Structure formats: structure tokens, C-alpha cells
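Single-structure report; data block below.
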Amino acid sequence: MTNSSIFPADFLWGGATAANQIEGAYNEGGKGLSIQDVMPQGITTPRADGPTDDNLKQVAIDFYHRYAEDIALFAEMGFKTFRFSIAWSRIFPLGDETEPNEEGLAFYDRVIDECEKHGIEPLVTISHYETPLHLADTYDGWVNRDLIGFYERYARVLFARYGARVTYWLTFNEINSVLHAPLMSGGINTPKEELSKTDLYQAVHNELVASALATKAARELAPNAQVGCMILAMPTYPLTPDPDDVMASLTTERTNLAFGDIHVRGEYPGYYLRSLRDQGVDLVITAEDRALLKENTVDFVSFSYYVSVADTADESKRVTGPGNLFPGVRNPTLKASEWGWQIDPVGLRIVLNQFWDRWQKPLFIVENGLGAKDELVEVDGRKTVIDDYRIAYLNDHLVQVGEAVADGVDVMGFTPWGCIDLVSASTAQMSKRYGFIYVDRNDDGTGSLDRFKKKSFDWYAEVIRSNGASLTR
Ligand code: BGP
């Protein structure tokens, strides 16, 4: 049964990517190294000393050379928006220079040209897990306050260059993930086990101030820009109705919600300050920092959503499993993907309602999707993938987005993750595929890099064409 469209007429349908996971060309165009160039296995192993040939991100899916072809395929699906990130180390190869690299800037001019050619709105992430390596090695990443100034300079260059052509900006991808993946998310070189809580939360604070400064810069340099924060959303349910379990799940969930609270309200919530005190964390927060946070709150809240988790106060029941970048207590009512991520479409409606009730800011779902192994087959002489599992996943999640819209939630758009197959962030595999477009590349680096449309390609094109009316309830 199909339903008539509940989605707003200007709903931004599209897809999402990140520079390090698609571009390749890791040492071309004057690009410096980023932390991704020393993370050949994602977050599953410690970093390498320097670039290694087993790192699939060196070539990724070669978007750097094939962007025009790929954006044309997105246009064929009817994308209204395309989320990509700018590789900081293409613009500032070391990160602490005063002058940007023109060749890097020119590359994104060309990407935006292609988007414009097809009437696609760019949705740009300023920093998506690709801090310049020099900033990690020399400054220990975001632990150091100097990063605030380097990031502000970088953001200002982007707004000055692209501000007239790009409306939607995200300051930091999944900003809350720095608590769990300090190197990937915060460019922090000190191994997680050795990192003090004070340094970790100081890094969080420095990023929050930088995010506010970027918002301030956008107001000055690109008055039409809309700036959003980007949070890894992970609804946390109590494992049982025991009030202690409810409190435990709320406490865990607040470690994520705090980031939205600060971006939207411009100040640290009481529960967050208490948790810092309880952990013996003493931060350097200046009066100027406080004013910046208060005066430069976001226009909208964006988030990724893949999984929900549970929590409990009962240590003996705390059986954890993999989640999106960090583990959570398993929910016995849910099934999981091949990578153990629990699948919960209703959780997306819950998050949308919760965020809307809490912040009353437009919400943008900028990541969602199923990482799965695909098999390339031949149908009527054409290579394709019959990815009914991916269609079912996205259909069920989008039905819940429709429910949230019916609940009165202001949802700006939906950009499913990895609209074209790309290298995984957590495991750096190619075989964990999310795309509507199959890319012929294998985990051992072999493959032609040719693109093939999966069954979901036509399915998504119809969802967009019908503005969601073709979804199956
Ligand atoms: C998010 C990241 C993305 C992306 C996605 C899927 O956490 O923002 O960069 O990769 O998760 O994760 P993975 O690639 O590990 O499957």
C-alpha cells in the first residue's frame, strides 16, 4: 500500500559522503596528509607512523577524478542536495599555515560547479574525521587551544570562497564522537587509554568554541548561510522499567544530547557540569568562550542515525555489542546488521520527536543507512546488485520520518550515508557498502572502480520523484 506524500514540498532529498572516504588522491593537488592517511584499518588498530599502501583511502573511490560522473548519477536519481566534506588538508596542508592552497580550493569550486549544473544544493561538512596530520602530531589535535584559531581561519577561507554558493554548512561531523574515537574525531594523537579526562573534555570544549566561531564567521562572510551542528544520535532505552535503569539510560543519552544542548542553547547544561565535577575534570573556559557559545547558536541541528542502544544500572546485565563508533547495551527486541549494528526504524521517529521537543530547531537527517555486503550480478546484460535488504531498511526508516513529520516535527531533509559505495570509517573496508551505486573495488584494493546502479538506485529515484509517496508502509 502506498501513501500520499506527507513530506514538505521543499524536502531536501539527497545523499551523504566524506572527503577521506571517497576522494582518494591523498597526495595530489598539494594536499597534505590527514589523520586518515595513517589509519589504514579505521579505528580497529592503532595508527601507523605514516601512509601505508594497504590504506584503501589513498585511492578510495577516486571521486577526486570522477566527481563529474558521480554527481551526474546523483542527479539522475533526482538529488536535491549532496552532502560532502572538504578535506582540511587540501586547503591547509599542514593546518597551521596562514595562506590556503589554491589548488585545493579550486577542486571544490569544480565540485560545486557540477552540483549547480544539476540544480543540486551542496551541503558541506567543514571537518569530517580528517584533521591535518601535522596538527595531530605537533599539537595533539583538539586538546590544544591553538586548533581553535587554525579551524577558524580555515572556516573563514571556506565561507569567503564558497559562501555565496553554499547555503548549508555543518561545523563538525558527529562532534560527540570525540569522546569515543579521539584520534579520528578530534585529531588527538595521545592514545585513548593514556588520555586524561581533562584533556579529552578540554578538546570537546575547544571544538565547541570553534564551532561557535565558525557560525559567527558565516554570519559575517556568508549572510545567507545556515549553519548546523552534527551529532551522532543514538537513542538509549532503559533495559527494564526499573527506575535505576531509566536513570542509567538517561545519563548515557545525555552524553550525546549535551552537544545539541550546548549548540542550541549556548551554554553548558547543569547535568553536564555535574558530570565534569564528578569526573574531577577542571576545564579552561574563558569569559570570551562563554560569550561566543551564547551568541552564536546554530540555525539547525543535523544528525546521523544508525542504531539505538539500551542501558542498565545492573552491571551483570550490561552486555554490550557494536554500535555506531561506540558500543551500547544490546536491546533483546532488535535484530542487527552483518556488522552487529542493531536496526531500529522507530528509533528514528523517537529521535526526531525528542530533538524537536527539546530544541525546536529544524532537523536534518544527514546520515542513515545499512552497511551490507553486496553481490554484483548480471541482469539483462547489465551488472547490478539486487539489494532488497537495503531498500527495506531505508523504506522502513523513511516511513518513520514521515510519521515524525505527521507528528509536527520540522524535518529539512534526508541524506542517506554513502549514497555511492565508499570506504568505511570504522573498519576502512570497501565491503561494508551503503550505496545506491556499486563501486567495483575490493578490500584488497583490486577492482576497476567502475560504477554500477543497484536496484536501490531506481527505488530511491522513485522515492524522490514521488516526494516519498512511493514508500511502502
Ligand atoms: C558515521 C560517520 C561516517 C560513516 C558512517 C558509517 O559514524 O560519520 O563517516 O562512515 O558512520 O560508519 P562505517 O563507515 O563505520 O560503517
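Just so we're clear, the structure is a prediction, and the values are computed from it rather than from any experiment. Every number for a ligand or one of its atoms is a count from 1 in the order of the listing.
Atoms of ligand 1 found under 4.0 Å from any heavy atom of Lys432, numbered from 1 in the order shown, are 13 (P), 15 (O), 16 (O). Taking a cut-off of under 4.0 Å to the non-hydrogen atoms of Tyr434, the atoms of ligand 1 that pass are 6 (C), 12 (O), 13 (P), 16 (O). Every atom of ligand 1 is numbered from 1 in the order shown, and the set under 4.0 Å from a heavy atom of Tyr306 is 5 (C), 6 (C), 11 (O). Taking every heavy atom of Ser424 and a limit of under 4.0 angstrom, the matching atoms of ligand 1 come to 13 (P), 14 (O), 15 (O), 16 (O).
Under the side-chain hydrogen bond (donor to acceptor under 3.5 Å, both in side chains) rule, Glu367 has a single partner from Tyr434, Trp417, Tyr306, Tyr305, which is Tyr306.
Using cut-offs of 30° and 60° on the angle between ring planes, the pair Phe82 and Phe74 is tilted.
Of the protein's non-hydrogen atoms, the one nearest atom 7 (O) of ligand 1 is Glu174 OE1, 2.5 Å. In this structure, the protein non-hydrogen atom closest to atom 14 (O) of ligand 1 is Ala425 N, 2.7 Å. Looking only at heavy atoms of the protein, atom 11 (O) of ligand 1 is closest to Glu367 OE1, 3.5 Å. The protein atom (non-hydrogen) at minimum distance from atom 15 (O) of ligand 1 is Ser426 OG, 2.4 Å. When only non-hydrogen protein atoms are considered, atom 10 (O) of ligand 1 lies nearest to Gln21 NE2, 3.0 Å.
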Does the ring-ring contact (aromatic ring centres under 6.0 Å, His included) test come out yes or no for His397 and Tyr393, once each step is laid out?
-> CA-CA 6 Å; His397 282 76; Tyr393 179 102; 4.0 Å; yes
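In this structure, Asn173 is part of the shell of residues with a heavy atom less than 4.0 angstrom from ligand 1.
Looking at ligand 1, you'll find an N or O of His128 within less than 3.5 Å of one of its N or O atoms.
Ring to ring, Trp88 and Phe150 are not that close: their centroids are 6.0 angstrom or more apart. You'll find the ring centres of Tyr67 and Phe84 outside the 6.0 Å limit.
Side-chain contact between Tyr26 and Lys57 is absent, with no heavy atoms from C-beta onward closer than 4.5 Å.
Around CD of Glu375, the count of heavy atoms belonging to other residues, nucleotides or ligands within 6.0 Å does not exceed 12. When the shell of 6.0 Å around CG of Asp53 is examined, it contains 12 or fewer heavy atoms from other residues, nucleotides or ligands.
The residue among Trp417, Phe326, Trp341 with a heavy atom at the shortest distance from atom 12 (O) of ligand 1 is Trp341.
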